[in-house]
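In what follows, every chain begins at residue 1, and chains take the letters A, B, ... in the order their sequences are listed.
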Amino acid sequence: MEWMLAVPFVAGIVAMDTTSGPQLMVSEPFVSCSIVGFFFGQPEAGLLLGIFFQLIHLGHKPLGAVRFYDGNMAAVIAAGSLFGGAHAFGMDAVDLRASMIPVIVYSILVAIVGRKLTTWVRQLNSSRSDRMYAMMKSDPHAVYGWHVKGICISFCRGFVMAFILVPPGMLAVASVILAPAGVRTVLAANVPLLWGLMFAVAAMPYWNKGKRRFLATGFLGGAAWTIASILVTG
Amino acid sequence: MDDSQHTGDRLSFWTFLRLFFRSFFLQGSFSERYRQNMGFAFCMEPVGWKLWTEPEEKRRFIRRHMDDYNGNPFMSPLVLGAVTRLEEQLKHGEGIGEDDIVRFKRAIGPATGAIGDRYFWGAVRPFSLVCGMFASYYIGIWGVVVFLVVFNLHNLLLRWYWLKKGYHHGTGVVVELKNHRLSREIEVLESAGAVILSFLASTLMVGIGRDSAVLSAATLFVFTGCLVYLKHIRRKT
């Protein structure tokens with residue numbers, strides 16, 4: 001059960017990397033979900049889940065002090081819930097695919113919670129800044145310790161979020177087992193439809209920037225390439 | 001005195017390196033009211049302790065940099081380097097006052113936000129992600145490494161370049177903010193990102209046809225429908 005500590009640890013790193021530092025983009029869903037999948041011996045499944053979430057958040061821009069829905073934490077907690085639930089409840093590949101939809105719904109709730117917590121941490125940092133400013137009169141060297149504590153607070157936020165929110169997520173994922181086998185099969189078979197939704201969301205920022213010709217060119221090129229390869233290989 | 005006519009580098013390479021590594025944690029204590037103030041002071045600390053020795057001088061130094069500050073974190077080395085130069089000029093009585101440093105920070109921070117946000121969040125990050133996702137279609141999990149390498153090459157090299165530029169130019173660094181190469185690169189990255197994303201999208205959605213032509217058609221229908229709907233929502237707002 002090492003994953004019960006590994007997933008919160010990864011979530012802590014994600015929370016830290018999202019804003020506090022070092023912002024090397026390991027917090028992106030594409031990376032973090034792959035890492036979580038790797039812990040459960042399913043790196044490719046983690047990669048696929050990561051791409052799903054990443055396409056939703058491709059146009060996301062955490063500019064300045066804007067209060068954003070925490071997509072990074074949502075993705076890593078969703079990954080922990082999905083793979084943890086599959087591991088704990090012995091779900092097979094069909095159940096795992098069918099659980100994609102409840103896990104995406106759960107991730108929306110996590111993103112909202114993440115936003116609230118981010119706002120709370122920022123307000124906490126404001127009061128910490130005031131206290132640190134007052135302390136400077138006696139110790140100008142205090143800034144190092146106070147800033148490092150701020151970084152640790154970010155890590156702890158992610159760690160605690162995952163520790164608390166992954167278990168209910170696992171239950172949400174496992175609820176799929178209660179559905180009839182036919183329903184699960186239909187859900188699993190229609191997961192590819194989500195690609196259409198995700199790619200449309202991902203393409204919108206480029207569409208809004210006036211890159212329609214480039215989108216059309218790439219789309220037609222990809223379609224032609226795929227059809228040609230299907231025809232050649234049979 | 002023209003900031004570019006400096007009498008040679010005064011900061012040691014080790015202090016420079018510490019400034020560089022600390023710049024990655026500028027947003028460590030990001031606050032609602034003061035934004036990146038504590039982070040800026042944290043980054044500048046090695047410079048301050050090299051230049052200022054008296055406790056009262058150190059207090060004044062930290063107080064200058066605990067002023068509220070908000071800028072793009074990836075472009076922060078440009079500002080840190082320039083402010084380092086100004087601190088040296090202040091120390092050596094080269095016509096720079098404490099208020100000049102504070103005013104300079106207040107002016108240049110939002111400027112780096114405008115350019116850096118568009119460049120890194122709007123162009124480099126999505127481009128690196130679509131490259132990684134495209135690569136993962138062919139090489140699996142190693143696509144993650146492709147993404148991290150593409151993004152962090154930009155990140156690390158530009159941070160170091162801007163730190164040196166800022167240090168050499170001081171207040172003259174505003175010229176770097178008008179660099180048209182960045183604007184051109186944004187255009188190229190956005191266009192390339194659009195092509196790669198849509199190529200990947202059609203490859204995946206049409207590729208589903210290997211197993212089920214009906215599912216592939218349905219996925220393409222969902223894609224087109226969602227695109228039209230999202231465009232409609234945007235037009236309404």
Inset, instruction - Would you check if A:M25 and B:S128 make a side-chain contact, meaning some heavy-atom pair closer than 4.5 Å? - result: no
Legend entry - Option that, when pairs with chain B are counted at under 4.5 Å, heavy atom only, ranks first among A:F38, A:F214, A:W146: A:F214
Legend entry - Residues B:M66, A:M132; criterion side chain to side chain contact (heavy atoms under 4.5 Å, CB included); working and verdict: CA-CA 9 Å; B:M66 281 291 288; A:M132 203 246 112; 3.8 Å; yes
Legend entry - Per-residue contact mode, A:A189 against chain B (heavy atom under 4.5 angstrom): backbone
Inset, instruction - State, yes or no, whether a side-chain contact exists between A:K211 and B:E187 at a heavy-atom distance under 4.5 Å. - result: yes
Inset, instruction - Heavy-atom pairs under 4.5 Å with chain A are the metric here; pick the option from B:G193, B:G113, B:G48 that has the most. - result: B:G193
Legend entry - Which atom of B:L215 lies closest to which atom of A:P192, heavy atoms considered: CD2-CG, 3.7 Å
Inset, instruction - Among A:G150, A:G59, A:A200, single out the residue with the greatest number of heavy-atom pairs under 4.5 Å to chain B. - result: A:A200
Legend entry - Any residue of residues 9-20 of chain A which, by heavy atoms, sits under 4.5 Å from chain B: A:T19, A:S20
Legend entry - side chain to side chain contact (heavy atoms under 4.5 Å, CB included) evaluation trace for B:K58 with A:H141: CA-CA 8 Å; B:K58 288 181 178 181; A:H141 293 261; 3.4 Å; yes
Legend entry - Centroid-centroid distance, B:Y34 to A:Y133, less than 6.0 Å: no
Legend entry - side chain to side chain contact (heavy atoms under 4.5 Å, CB included) between A:Q23 and B:F25, worked out: CA-CA 8 Å; A:Q23 288 191 305; B:F25 294 94; over 6 Å; no
Legend entry - Closest heavy-atom pair and its distance - B:I141, A:P43: CD1-O, 3.6 Å
Legend entry - Within 6.0 Å of CZ in A:R213, more than 12 heavy atoms from elsewhere: no
Inset, instruction - Name the member of A:P22, A:A142, A:G21 that forms the most heavy-atom pairs with chain B at distances under 4.5 Å. - result: A:P22
Inset, instruction - Check the pair B:W142 / A:L47 against side chain to side chain contact (heavy atoms under 4.5 Å, CB included), numbers first and verdict last. - result: CA-CA 10 Å; B:W142 293 103; A:L47 182 71; over 6 Å; no
Inset, instruction - Take atom NZ of B:K50 as the centre, draw a 6.0 Å sphere, and report whether it contains more than 12 heavy atoms from other residues, nucleotides or ligands. - result: no
Legend entry - chain B contact via A:Y206 - side chain, backbone, both or neither, heavy atoms under 4.5 Å: side chain
Legend entry - Residue pair B:M38 / A:N125, side-chain heavy-atom distance below 4.5 Å: no
Legend entry - Residue among A:L48, A:L124, A:D130, A:T119 with most heavy-atom pairs under 4.5 Å to chain B: A:D130
Legend entry - A:K209 side chain vs B:G122 backbone, donor-acceptor pair below 3.5 Å: yes
Legend entry - Residue selection (most heavy-atom pairs with chain B, distance under 4.5 Å) from A:V31, A:I151, A:L220, A:N208: A:N208
Legend entry - Most chain A-contacting option - heavy-atom pairs closer than 4.5 Å, from B:R125, B:R210, B:K231, B:E45: B:R125
Inset, instruction - With the side chain counted from C-beta on, respond yes when A:L58 and B:V130 share a heavy-atom pair under 4.5 Å apart, and no when they do not. - result: yes
Inset, instruction - Check whether B:L220 gets within reach of chain A through its side chain, its backbone, both or neither, counting any heavy atom under 4.5 Å. - result: side chain
Inset, instruction - Answer whether the closest heavy-atom distance between the side chains of B:M133 and A:L55 falls below 4.5 Å. - result: yes
Legend entry - Crowding at CH2, A:W225 (>12 non-hydrogen neighbours, <6.0 Å): no
Legend entry - Residue selection (most heavy-atom pairs with chain A, distance under 4.5 Å) from B:V228, B:V145, B:V195: B:V195
Legend entry - Over all atoms of both residues, closest heavy-atom pair of A:V143 and B:A41: CG2-CB, 3.9 Å
Legend entry - Part of residues 196-203 of chain B lying next to chain A, heavy-atom separation under 4.5 Å: B:L197, B:S198, B:F199, B:L200, B:A201, B:S202, B:T203
Inset, instruction - Answer yes or no: are there more than 12 heavy-atom neighbours, outside A:F155 itself, under 6.0 Å from its atom CZ? - result: yes
Inset, instruction - Answer yes if the ring centres of A:H60 and B:W121 are under 6.0 angstrom apart, and no otherwise. - result: no
Legend entry - Value rounded to 0.5 Å, distance of CG in B:L129 from CD1 in A:I51: 10.5 Å
Inset, instruction - Might you confirm whether atom CZ of B:R60 has over 12 heavy atoms from other residues, nucleotides or ligands at distances under 6.0 Å? - result: no
Inset, instruction - Find the one option among B:A192, B:G209, B:P126 whose heavy-atom pairs under 4.5 Å with chain A are most numerous. - result: B:P126
Inset, instruction - May I ask you to test the A:Q54-B:F147 pair for a side-chain heavy-atom distance under 4.5 Å? - result: no
Inset, instruction - Drop me the distance from A:H147's NE2 to B:R22's CZ, to the nearest 0.5 angstrom. - result: 9.0 Å
Inset, instruction - Can you tell which part of B:M205 gets under 4.5 Å to a heavy atom of chain A, answering side chain, backbone, both or neither? - result: side chain
Legend entry - Nearest non-hydrogen partners of B:N37 and A:S129, listed with the distance: ND2-OG, 2.9 Å
Legend entry - Part of B:F74 within contact of chain A (heavy atom distance under 4.5 Å): side chain
Legend entry - Part of B:F151 within contact of chain A (heavy atom distance under 4.5 Å): side chain
Inset, instruction - Consider only side-chain N and O atoms of A:S126 and B:R35, and report whether a donor and an acceptor are under 3.5 Å apart. - result: no
Legend entry - chain B contacts, top residue of A:G221, A:A224, A:P205, A:A216 (heavy-atom pairs, under 4.5 Å): A:G221
Inset, instruction - Check the surroundings of atom OH in B:Y161: do more than 12 heavy atoms from other residues, nucleotides or ligands lie under 6.0 Å from it? - result: yes
Legend entry - Residue B:E190 versus chain A: region with a heavy atom under 4.5 Å: both
Legend entry - Heavy-atom proximity to chain A below 4.5 Å, by part of B:Y137: neither
Legend entry - Side-chain heavy atoms of A:E28 within contact of B:L148, under 4.5 Å: no
Inset, instruction - Taking all heavy atoms of B:I208 and all of A:W195, pick out the closest pair and write down the distance. - result: CD1-CD1, 4.2 Å
Legend entry - Donor-acceptor contact present, side-chain A:R128 to main-chain B:S29, <3.5 Å: no
Inset, instruction - Heavy atoms only: give me the nearest A:L24-B:N155 pair and the separation to one decimal. - result: CD2-ND2, 3.7 Å
Inset, instruction - Find out whether B:L204 and A:F199 are in side-chain contact, i.e. whether some heavy atom of one side chain is under 4.5 Å from a heavy atom of the other. - result: yes
